[in-house]
Amino acid sequence: MIFHHKTFDELKSHPDLTYIPRSRVLAAQIESDGLILNDTGDDLIILDNAIIVDRGGVIWKDNWISDTIHYMPPDWKDVPWLPGIYNKADKTIDIYEECIRETGNIEYPVLWVDSFPANHNFGHFVHDTLPYGIVFQRSRMLEPQIRPLLVPMNFRNQRSLFSVVFDYPYEQCTFSQAGYRFKKLYLARRQTDMTSANWTLSFSGIRHARNIAQNKWGVQGLTSDYNASLYDVYLHRIQNIDELRSRGLLLGRDFSNFNEMLNGLLKVGFLALDPGSLDINIVSNIMSRAKTVVSVHGAGLANLIFCRKEARIFEIRGKGGAWRSLEALSAVLGNEFIVLDETMVDELNRPFLDIRNIISRVS
């Protein structure tokens, strides 16, 4: 069946849906070392009788809504896992019948929350999913019985943080399943889109997530007069070097001497965390006390969402650079963000960090 690929802005003027304009003025652009960030509005469209498509997107009438509401890689139009054959010339997709076969009906209203691949990646979870918390609060004011609609979260810390930021029990959410037909589906434009040329983030949504988490688990009211209560924090990564080497994955974020860097930073007074192995309340509390955070680029650094504005964030990047998503997140939160570019010296497939140089920069 042929469907037209539509963006949020193309759909919002459709006569058969309800459009709810944004409730706030967009904030001014933020510039961070040549990176231009734009605020995202909280406007909504409400669709009657929309269906979730297997492999991505929603169909409504003769329209397919995909990358405008959830994360898809920049080259998605050519990927083999699409639910049909995409025609770039006329922006249509011929969706396979098995991808839109109905499997059930949801009678109560739901809000679509961008949650894939956030369900298994903490970085995507922080910048793609958490900003919908403030949109959900707005939606509840319009329709108190509304529920979030999302992909099931794989990790306990995600589920706990989601419940706090959304002020809604994760266990009572509606979980996405291909073929579900929704009597009333609320869609917001993607709150964070860092896949296009013009990056957009919900400044209010990201700050709301930070503030709610700090109020729940963090330490409020700390100032420079309380330096004894503040930490220098290193976000450590536990990994199997031999396995990574055998898979050819010792690239720009995996190095062979993480343990040596751990020991070096401990000697100069850093507190080391492996955030994935600790409860979210512990991680949040410690990060809210951080005056310095050091981490190699990766999803673990998204825990900067818990930091005070005054925190300095050091991101170590290896050969080939890194996606600047965490830098963007930090810029919206108001942190000082410093990039440490490592040349990643490689001896017999053993890329390693210049630990002495890193310690001298962050101390």
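This one's a predicted model, so the numbers in the text were calculated from it and none came from an experiment. We number each residue from 1, following the sequence as shown.
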Just wondering, do F162 and P148 contact through their side chains at under 4.5 Å, heavy atoms? yes
Look only at the side chain of Q191 and the backbone of R189, and say whether a donor-acceptor pair between them is shorter than 3.5 Å. yes
Would you tell me whether T195 and D193 have side-chain atoms, one donor and one acceptor, within less than 3.5 Å of each other? yes
For the pair K183 and N105, evaluate side chain to side chain contact (heavy atoms under 4.5 Å, CB included) and give the outcome as yes or no after the intermediate values. CA-CA 8 Å; K183 183 176 182 180; N105 293 286; over 6 Å; no
Can you list the other members of the hydrophobic cluster that holds V110, where links are side-chain heavy atoms under 4.5 angstrom apart? F8, L11, L17, Y19, I45, L47, I52, V58, W60, I65, I69, I106, Y108, W112, L149, Y180, F182, L185, L187
Would you please test E327 and D33 for side chain to side chain contact (heavy atoms under 4.5 Å, CB included) and show each step? CA-CA 10 Å; E327 183 177 351; D33 192 22; 4.1 Å; yes
Test side chain to side chain contact (heavy atoms under 4.5 Å, CB included) on F3 and V53; report intermediate values, then the result. CA-CA 12 Å; F3 295 88; V53 180; over 6 Å; no
Which pair of non-hydrogen atoms, one from V165 and one from H208, has the smallest distance, and what is that distance? O-NE2, 3.5 Å
Show, in sequence, the C-alpha distance, side-chain angles and deciding distance for M72 and R190, and conclude whether the side chain to side chain contact (heavy atoms under 4.5 Å, CB included) test is met. CA-CA 11 Å; M72 295 179 80; R190 277 191 68 199; over 6 Å; no
With a cut-off of 6.0 Å (strictly less than), are more than 12 heavy atoms of other residues, nucleotides or ligands near NZ of K12? yes
Hey, what do you get for CZ (R156) to CG (L161), rounding to the nearest 0.5 Å? 13.0 Å
Heavy-atom check, side chain of I2 versus side chain of D62, under 4.5 Å: no
Mind checking whether F155 and I282 sit in one hydrophobic cluster, side chains of I, L, V, M, F, W, Y counted as touching below 4.5 Å? no
Side-chain donor-acceptor pairs under 3.5 Å in residues 73-89, sequence neighbours left out?
| from | atom 1 | to | atom 2 | distance (Å) |
| --- | --- | --- | --- | --- |
| D78 | OD1 | K88 | NZ | 3.2 |
| D78 | OD2 | K88 | NZ | 3.1 |
| Y86 | OH | H5 | ND1 | 3.2 |
| N87 | OD1 | A89 | N | 2.9 |
| N87 | OD1 | D90 | N | 3.4 |

Counting distance only, does the side-chain N/O of D43 pair as donor-acceptor with the main-chain N or O of I20 below 3.5 Å? no
Spatial distance of atom CE (M287) from atom CZ (R308) [nearest 0.5 Å]: 12.0 Å
Count the heavy atoms belonging to other residues, nucleotides or ligands that lie under 6.0 Å from CD of Q145, then report whether that count exceeds 12. yes
Using modelled atom types only, decide if a donor and an acceptor are shared between the side chain of H4 and the backbone of K6 within a distance under 3.5 Å. no
So does G300 get a backbone contact from the side chain of N303, meaning a donor-acceptor N/O pair under 3.5 Å? yes
Ignoring hydrogens and angles, tell me if any N or O in the side chain of S288 forms a donor-acceptor pair with the backbone of C307 under 3.5 Å. no
Taking every non-hydrogen atom, the tightest pair across Y186 and S139: CD2-OG, 4.3 Å
Nearest-0.5 Å distance, CG of residue L150 to OH of residue Y132: 11.5 Å
Distance-minimising heavy-atom pair for T103 and A178: OG1-O, 2.8 Å
For L35, does its backbone N or O pair with a side-chain atom of S32 as donor and acceptor, under 3.5 Å? no
Step-by-step salt bridge (Lys or Arg N to Asp or Glu O under 4.0 Å) determination, D54 to R101: CA-CA 9 Å; D54 189 18; R101 189 173 293 122; over 6 Å; no
With ILVMFWY side chains joined below 4.5 Å, transitively, what does V151's cluster contain besides itself? F116
Report the distance from atom CG of L301 to atom CD of E315, rounding to the nearest 0.5 Å. 5.5 Å
Sub-3.5 Å donor-acceptor pair from the side chain of R361 to the main-chain atoms of L340, do we have one? no
Do the side chains of M261 and I316 get nearer than 4.5 Å, heavy atoms only? yes
Side chains of H236 and N259: does their closest heavy-atom pair fall under 4.5 Å? yes
Please lay out, stage by stage, how Y170 and F175 fare under the test ring-ring contact (aromatic ring centres under 6.0 Å, His included). CA-CA 10 Å; Y170 168 82; F175 298 107; 5.1 Å; yes
Across all chains, not counting sequence neighbours, the ring-ring contact (aromatic ring centres under 6.0 Å, His included) partners of H124 are Y71, H127, W323
Distance col, row T192:OG1 vs L329:CG, nearest 0.5 angstrom, shows 8.5 Å
Minimum heavy-atom separation for A188 to L44, with atom names? CB-CD2, 3.8 Å
Hey, is the main chain of N281 close enough, under 3.5 Å, to the side chain of S284 for a donor-acceptor pair? no
Could you give the distance from CG (L130) to CG (D114), rounded to the nearest 0.5 Å? 11.0 Å
Taking all non-hydrogen atoms of both residues, which atom of F203 and which atom of L37 are closest, and how far apart? CZ-O, 3.7 Å
Among L142, L111, T18, the one residue meeting side chain to side chain contact (heavy atoms under 4.5 Å, CB included) with I46: T18
Would you say W64 ends up clustered with Y96 if hydrophobic residues are merged whenever their side chains have heavy atoms under 4.5 Å apart, either directly or through other cluster members? no
Any chance you could lay out the ring-ring contact (aromatic ring centres under 6.0 Å, His included) test for F136 and Y168, step after step, and finish with the verdict? CA-CA 9 Å; F136 180 63; Y168 193 87; 5.4 Å; yes
Would you say the side-chain atoms of E97 pair up with the backbone N or O of M1, donor to acceptor, closer than 3.5 Å? no
Heavy-atom closest pair, residues G298 and L326: O-CD1, 3.3 Å
Can you give the donor-acceptor pairs under 3.5 Å from side chains of residues 22-29 to other protein atoms, not counting sequence neighbours?
| from | atom 1 | to | atom 2 | distance (Å) |
| --- | --- | --- | --- | --- |
| R22 | NE | R24 | O | 3.2 |
| S23 | OG | D42 | OD2 | 2.5 |
| R24 | NE | S204 | OG | 3.3 |
| R24 | NH1 | D42 | OD2 | 3.3 |
| R24 | NH2 | T40 | O | 3.3 |
| R24 | NH2 | S202 | OG | 3.4 |
| Q29 | NE2 | N38 | OD1 | 2.7 |

Which atom pairs, one a donor and one an acceptor, fall under 3.5 Å between side chains of residues 264-277 and the rest of the protein, sequence neighbours left out?
| from | atom 1 | to | atom 2 | distance (Å) |
| --- | --- | --- | --- | --- |
| D274 | OD2 | S277 | OG | 3.1 |
| S277 | OG | D274 | O | 2.9 |

Can you check whether G57's main-chain N or O pairs, donor with acceptor, with H70's side chain at less than 3.5 Å? yes
Of V293, L235, N335, the one forming a side chain to side chain contact (heavy atoms under 4.5 Å, CB included) with L304 is N335
Is there side-chain contact between F122 and V126, with at least one heavy-atom pair below 4.5 Å? yes
